[in-house]
J.: 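Let me give you the structure first, and then I'll get to my questions.
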Amino acid sequence: MLAVREALEFLLSAVRPVAEIENVPTLEANGRVLARAVVSGMNVPGHDNTQMDGYAVRAADCASGDATLAVTQRIPAGHVGQPLLPGCAARIFTGALIPEGADAVVMQEQCEASDGLVTVRHTPKPGEWIRRTGEDISVGSVILAAGTRLRSQELGLAASIGMADLAVRRKLRVAVFFTGDELAMPGEPLAPGAVYNSNRFTLRALLENLGCEVRDFGIVPDSLEATRSVLRQAADGNDLIITSGGVSVGEEDHIKPAVEAEGKLNMWQIAVKPGKPLAFGEVGQAFFLGLPGNPVSSFVTFLLFVRPFLLRLQGADVPGQPRGMQLRADFNWPKADRRNEFLRARLNDKGGLDLFPNQGSAVLTSTVWGDGLIDNPPGNPIAAGDVVRFIPFSELMY
């Protein structure tokens, strides 16, 4: 079995990012991956402006700390004032351009205004409360690199330099299907021995959150012929095929022989818990990833392996390993496993981590209760007070 890091490196080294590029409106680019760097054609701010509501002044006129000046103009945001004469002040509002001649802004709380005059009870320094031209962005600077996955922040930044549309990689087309005669859909009667297909809902939502176009082939009967048939259909026109279930080595597990018959299998088992069986290969022109059927195993292996693979396939520049933090364990885990364990845990009010009491691979409630995963190395028992590596779900699901 491959170690977790080895398996992830192997997966990412096999990625061939999609090549097609399209221009989309910036308003519709959330979650997409930039295909070309965004270079600013302007300064931001475009001109010196005020950070505060207050009065634009000449600092030298206010050196006494108790100066009274004539208020000669009023400058709202979006308007251009007149040059400021010595001994005068301009009433100014946040974002408004600094008038020629002024070199400081005094916030209104430090001023008293009456009858066209303002008394400035402060000694401002030149440049006080002024945003300088190009302070945030300068002309010609790269503000977003190619490979950036666009979030709300990046979209706002692109809009701030007037980008109406952006060049992005096309959306990934991902086919999914689920194997198991025991699977039923919510709303259907549940026969003896049957279970509802929770993985269909979990995996589809995870894929949609990553901006993929999902093509759902539903539940496939437990037979080699049926599995091969759907694999051929799923490979047609899709970038990736993801399956859930049927990746073990039992008599009713048909994914491995089906993939080997229709394509090739490059990786099979990983030393991870929950998980272990994770199939990787190719069918036609599509990559293939087969996940375990147990709900938590499917969820965790998606976050650890499928998500970074998908992001790289989209052309995103993402690190191979998710970011984690070192936190205190407020529990005991004396039984070390030979595999790399990923334990469901959550932050407590004392700044430590609590462990969900049942770490079984079918206990889906642990994924809702928890805030993330403890990355516990092979053969490592945990005692209360030990420092462990914790990966928040926020690092694994955005």
Side-chain angles (χ1 to χ4, degrees), residues 1-12 195 198-199 202-203 206 243-250 253 255-256 265-280 289-309 320-348 352-393 395-397:
M1 292 188 291
L2 288 175
V4 168
R5 185 180 293 273
E6 292 173 330
L8 186 55
E9 289 175 353
F10 181 80
L11 283 172
L12 296 182
V195 294
S198 61
N199 285 347
T202 303
L203 295 179
L206 287 167
T243 65
S244 173
V247 291
S248 295
V249 290
D253 295 313
I255 289 294
K256 186 174 187 287
L265 201 60
N266 301 321
M267 187 176 72
W268 181 243
Q269 290 186 334
I270 301 172
V272 63
K273 183 180 181 181
K276 186 178 176 181
L278 176 67
F280 171 63
L289 281 165
L291 306 184
N294 276 322
V296 179
S297 299
S298 179
F299 176 70
V300 170
T301 51
F302 185 99
L303 298 183
L304 296 177
F305 302 105
V306 180
R307 175 185 170 274
F309 184 86
Q321 295 289 327
R323 293 185 300 180
M325 58 184 70
Q326 301 296 310
L327 294 175
R328 184 189 67 249
D330 288 344
F331 61 87
N332 292 302
W333 186 252
K335 185 180 177 182
D337 196 274
R338 63 189 179 90
R339 289 176 283 169
N340 192 162
E341 298 175 288
F342 288 86
L343 307 171
R344 278 77 71 203
R346 73 177 177 189
L347 293 161
N348 59 39
L353 293 169
D354 294 329
L355 193 70
F356 193 77
N358 187 341
Q359 291 289 318
S361 59
V363 184
L364 200 53
T365 49
S366 66
T367 65
V368 175
W369 177 90
D371 295 321
L373 303 172
I374 293 172
D375 179 0
N376 191 39
N380 185 60
I382 300 171
D386 287 351
V387 174
V388 297
R389 181 172 185 259
F390 179 70
I391 309 171
F393 284 141
E395 286 293 321
L396 295 166
M397 299 180 72

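Computed from a predicted structure; not experimentally measured. Computed from heavy atoms alone, side chains included, the values below leave out hydrogens, waters and symmetry copies.
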J.: Provide the full list of salt bridge (Lys or Arg N to Asp or Glu O under 4.0 Å) pairs with a residue in residues 357-370, sequence neighbours left out, each pair given once.
T.: none
J.: Could you give the distance from CZ (Arg307) to CZ (Phe302), rounded to the nearest 0.5 Å?
T.: 9.0 Å
J.: Can you list every salt bridge (Lys or Arg N to Asp or Glu O under 4.0 Å) pair that touches residues 370-385, not counting sequence neighbours?
T.: Asp375-Arg389
J.: Kindly determine whether Gln326 and Val387 satisfy side chain to side chain contact (heavy atoms under 4.5 Å, CB included), including the steps that lead there.
T.: CA-CA 6 Å; Gln326 301 296 310; Val387 174; 3.5 Å; yes
J.: Taking only residues two or more places apart in sequence or in another chain, which ones pass salt bridge (charged side-chain N to carboxylate O under 4.0 Å, His left out) with Arg346?
T.: none
J.: Counting N and O atoms only, with roles assigned by atom type, does the side chain of Asn376 sit under 3.5 Å from a partner on the main chain of Asn380, one being a donor and the other an acceptor?
T.: yes
J.: What residues form a side-chain hydrogen bond (donor to acceptor under 3.5 Å, both in side chains) with Glu395, not counting sequence neighbours?
T.: Arg323
J.: Any idea which heavy atoms bring Asn332 and Ala383 closest together, and the distance?
T.: OD1-CA, 3.4 Å
J.: List the atom of Met1, the atom of Ala271, and the distance in Å for their closest heavy-atom pair.
T.: CB-N, 3.9 Å
J.: Of all residues at least two apart in sequence or in a different chain, which pass the salt bridge (charged side-chain N to carboxylate O under 4.0 Å, His left out) check with Asp337?
T.: Lys273, Arg339
J.: Locate the shortest heavy-atom distance separating Pro381 from Gly379; write the atom from each residue and the value.
T.: CD-O, 3.4 Å
J.: Taking all non-hydrogen atoms of both residues into account, name the closest pair between Ile374 and Ala345 and its distance.
T.: CD1-CB, 3.6 Å
J.: With rounding to the nearest 0.5 Å, note down the distance linking CZ in Arg344 to CZ in Phe356.
T.: 8.5 Å
J.: Quick one: side chains of residues 291-301, donor-acceptor pairs under 3.5 Å with protein atoms, not counting sequence neighbours, listed by atom name and distance.
T.:
from   : atom 1 : to     : atom 2 : distance (Å)
Asn294 : ND2    : Ser361 : OG     : 3.1
Thr301 : OG1    : Ser297 : O      : 2.6
Thr301 : OG1    : Ser298 : O      : 3.2

J.: Of the non-hydrogen atoms in Leu396 and Leu303, which two are nearest, and what is the gap between them?
T.: O-CD2, 3.4 Å
J.: Quick one, Gln269 and Leu278 - any side-chain contact, counting heavy atoms below 4.5 Å?
T.: no
J.: Kindly write out the residues that satisfy ring-ring contact (aromatic ring centres under 6.0 Å, His included) with Phe331, not counting sequence neighbours, or none if the list is empty.
T.: none
J.: Checking side-chain contact (heavy atoms from CB on, under 4.5 Å) between Leu343 and each of Val388, Leu373, Ile382, Leu353, which is the one that passes?
T.: Ile382
J.: Do Trp333 and Gln359 have side-chain atoms, one donor and one acceptor, less than 3.5 Å apart?
T.: no
J.: How would you list, by chain and number, every residue that makes a side-chain hydrogen bond (donor to acceptor under 3.5 Å, both in side chains) with Asp354, sequence neighbours excluded?
T.: Asn348
J.: For Glu9, enumerate each residue passing the side-chain contact (heavy atoms from CB on, under 4.5 Å) test, keeping only those at least two apart in sequence or located in another chain.
T.: Arg5
J.: Mind checking what makes side-chain hydrogen bond (donor to acceptor under 3.5 Å, both in side chains) contact with Lys276, not counting sequence neighbours?
T.: none
J.: Side chain to side chain contact (heavy atoms under 4.5 Å, CB included), that's the test. Do Glu341 and Lys335 meet it? Break it down for me.
T.: CA-CA 11 Å; Glu341 298 175 288; Lys335 185 180 177 182; over 6 Å; no
J.: Can you sort out the partners of Arg328 under salt bridge (charged side-chain N to carboxylate O under 4.0 Å, His left out), two or more places apart, ordered by chain and number?
T.: Asp330
J.: Using side-chain hydrogen bond (donor to acceptor under 3.5 Å, both in side chains) as the criterion, list what pairs up with Thr243, not counting sequence neighbours.
T.: none
J.: Rounded to the nearest 0.5 Å, what separates atom CG in Leu327 from atom CG in Asp386?
T.: 13.0 Å
J.: Dump the intermediate steps for ring-ring contact (aromatic ring centres under 6.0 Å, His included) on Phe280 and Phe305, then the final yes or no.
T.: CA-CA 10 Å; Phe280 171 63; Phe305 302 105; over 10 Å; no
